[in-house]
Student: 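Have a look at this one before I ask anything.
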Amino acid sequence: MVITQATVKDMEGVMALLKANHVSNMTEEEKKNGFVTTNLSEEQFVRLVEEEDGVTIAKDGDKIVAFALAASWDYWKEWPLFQYMIELLPQTEYNGEKLSVENSYQYGPVCVDKDYRNTGVFEQVFFASLSNMEKRFPYMITFVNKVNPRSYAAHTRKALLDEVVDFSWNTNNYWMLGCKTSNRP
Ligand SMILES: CC(C)(COP(=O)(O)OP(=O)(O)OC[C@H]1O[C@@H](n2cnc3c(N)ncnc32)[C@H](O)[C@@H]1OP(=O)(O)O)[C@@H](O)C(=O)NCCC(=O)NCCS
């Protein structure tokens, strides 16, 4: 297994894994093991790689088996949910500090191919992504839908994230989770 930062050449594999885990393409049974709601166009993928170095992947041979996305709030601001989270930041304290678009970034979505779940790949990709962003930001922030208990369990038990605040948006209930980028197991 190789954990590395993606290049534009990895787009097809990442997009295929994202599509397979997107809520719009999944059965109710599949959703019990998690789902993602963020969509990404090819143009957004290219900018994420080239401007943010924001795609961490796990490769088994040539196959991309996991990815984690991460970028500044400036990158994410065109998605309505992230606009809402940006508004929440200044009202939100974590670790005794007010959050901001300067001191934090948004991580996620993250996906692990179903054949590679519960193998440790999740933690490897998560901490590689965190370490890559540590040079730019002291805090990492993400969101998890409250009806995604597998993701909540993985992020709080294995990625060691804290609950920052909970919030509702567009009829869904979410946890805002976070950690210091220097956090390690
Ligand atoms: C979320 C995801 C990245 C986690 O990676 P993973 O390899 O599955 O994570 P792990 O299996 O190592 O850890 C998940 C934990 O949740 C537990 N779990 C599994 N299903 C669960 C459920 N329905 N409710 C609560 N906990 C659950 C597992 O037992 C495991 O904990 P344990 O090892 O302590 O027993 C992966 O499942 C995935 O890609 N899901 C689809 C996409 C997704 O949901 N992405 C996140 C969006 S925020």
Student: If you group Ile, Leu, Val, Met, Phe, Trp and Tyr whenever their side-chain heavy atoms sit less than 4.5 Å apart, what else falls in with Val147?
Tutor: Val23, Met26, Phe35
Student: More than 12 heavy atoms of other residues, nucleotides or ligands under 6.0 Å from NZ of Lys31: is that the case?
Tutor: yes
Student: What's the shortest heavy-atom distance between Leu130 and Cys179, and which atoms?
Tutor: CD1-SG, 3.8 Å
Student: Are Phe127 and Val144 connected in a single hydrophobic cluster, I mean Ile/Leu/Val/Met/Phe/Trp/Tyr linked by side-chain heavy atoms less than 4.5 Å apart?
Tutor: yes
Student: How close do Asn148 and Gly34 get, counting heavy atoms only, and between which atoms?
Tutor: OD1-CA, 3.2 Å
Student: To the nearest 0.5 Å, what is the distance between CD (Glu102) and CZ (Arg136)?
Tutor: 12.5 Å
Student: Could you grab the distance from atom CG of Leu177 to atom CG of Leu160, nearest 0.5 Å is fine?
Tutor: 12.0 Å
Student: Taking the side chain as everything from C-beta on, heavy atoms only, tell me whether Tyr75 gets closer than 4.5 Å to Leu48.
Tutor: yes
Student: Would you please say whether a donor-acceptor pair under 3.5 Å links the side chains of Asn118 and Lys158?
Tutor: yes
Student: In Å and rounded to the nearest 0.5 Å, what is the CG to CZ distance from Asp113 to Phe67?
Tutor: 11.0 Å
Student: Return the CD1 to CE distance between Ile141 and Met85, rounded to the nearest 0.5 Å.
Tutor: 7.0 Å
Student: Answer yes or no: does atom NZ of Lys98 have more than 12 heavy-atom neighbours from other residues, nucleotides or ligands under 6.0 Å?
Tutor: no
Student: Working to the nearest 0.5 angstrom, can you tell me the gap between Thr142 OG1 and Tyr105 OH?
Tutor: 9.0 Å
Student: Distance only, no hydrogens: is a donor on one side chain within 3.5 Å (strictly under) of an acceptor on the other, for Glu78 and Gln83?
Tutor: no
Student: Between Ala70 and Met133, which heavy-atom pair has the shortest distance, and what is it?
Tutor: CB-CG, 3.9 Å
Student: Is there a side-chain contact between Phe45 and Val14, using heavy atoms and a 4.5 Å cut-off?
Tutor: yes
Student: Taking the side chain as C-beta and beyond, is there a heavy-atom pair between Ser104 and Leu89 under 4.5 Å?
Tutor: yes
Student: Within the 4.5 Å heavy-atom criterion, are Asn173 and Asn145 side-chain neighbours or not?
Tutor: no
Student: Side-chain contact test, heavy atoms from C-beta onward, threshold under 4.5 Å: evaluate it for His22 versus Asn39 and give yes or no.
Tutor: yes
Student: Is there a donor in the side chain of Tyr94 and an acceptor in the side chain of Glu163, or the other way round, less than 3.5 Å apart?
Tutor: no
Student: Heavy atoms, side chains only, cut-off 4.5 Å: are Tyr174 and Lys146 in contact?
Tutor: no
Student: Please step through salt bridge (Lys or Arg N to Asp or Glu O under 4.0 Å) for the pair Asp60 and Lys63, ending with a clear verdict.
Tutor: CA-CA 5 Å; Asp60 187 2; Lys63 187 179 158 76; over 6 Å; no
Student: Give a yes or no on this: more than 12 heavy atoms of other residues, nucleotides or ligands lie within 6.0 Å of atom NZ of Lys9.
Tutor: no
Student: Just checking Glu12: does its CD atom have more than 12 heavy atoms from other residues, nucleotides or ligands closer to it than 6.0 angstrom?
Tutor: no
Student: Check Gln106 against Trp76 and note the closest heavy-atom contact, atom names and distance.
Tutor: O-NE1, 3.0 Å
Student: Between Phe143 and His155, does the ring centre distance come in under 6.0 Å?
Tutor: no
Student: Given the side-chain rings of Phe126 and Tyr107, with only the six-membered ring counted for Trp, is the space between their centroids under 6.0 Å?
Tutor: yes
Student: Please check if any side-chain donor atom of Thr38 sits under 3.5 Å from a side-chain acceptor atom of Trp79, or the reverse.
Tutor: no
Student: Closest approach of Val49 and Ala6, non-hydrogen atoms and distance?
Tutor: CG1-O, 3.6 Å
Student: Which residue pairs pass the side chain to side chain donor-acceptor pair (under 3.5 Å) test with at least one member in residues 175-185, sequence neighbours excluded?
Tutor: Glu134-Arg184
Student: Any side-chain heavy-atom pair from Glu30 and Asn25 closer than 4.5 angstrom?
Tutor: no
Student: Is a donor from one side chain sitting under 3.5 angstrom from an acceptor on the other, for Tyr139 and Asn95?
Tutor: yes
Student: Would you please test Glu50 and Arg47 for salt bridge (Lys or Arg N to Asp or Glu O under 4.0 Å) and show each step?
Tutor: CA-CA 5 Å; Glu50 291 183 344; Arg47 277 200 291 118; over 6 Å; no
Student: Any link between Leu99 and Tyr84 through a network of hydrophobic side chains (Ile, Leu, Val, Met, Phe, Trp, Tyr) touching at under 4.5 Å?
Tutor: yes
Student: Any side-chain heavy atom of Val55 sitting closer than 4.5 Å to one from Asp10?
Tutor: no
Student: Tell me whether Glu123 is salt-bridged to Arg157, with the criterion being a basic N under 4.0 Å from an acidic carboxylate O.
Tutor: no
Student: Can you name the closest pair of heavy atoms from Gly178 and Val164 and give their distance?
Tutor: N-CG2, 3.5 Å
Student: Working to the nearest 0.5 Å, report the span between OG1 of Thr56 and CG of Asp53.
Tutor: 7.5 Å
Student: Quick one: do Ile57 and Ile3 end up in the same hydrophobic cluster if we chain Ile, Leu, Val, Met, Phe, Trp and Tyr together by side-chain heavy atoms under 4.5 Å apart?
Tutor: no
Student: Identify whether Met140 and Leu88 are in the same connected component of the hydrophobic contact network (ILVMFWY, side-chain heavy atoms under 4.5 Å).
Tutor: no
Student: Are Ile86 and Phe137 co-members of a hydrophobic cluster defined by side-chain heavy atoms under 4.5 Å apart?
Tutor: no
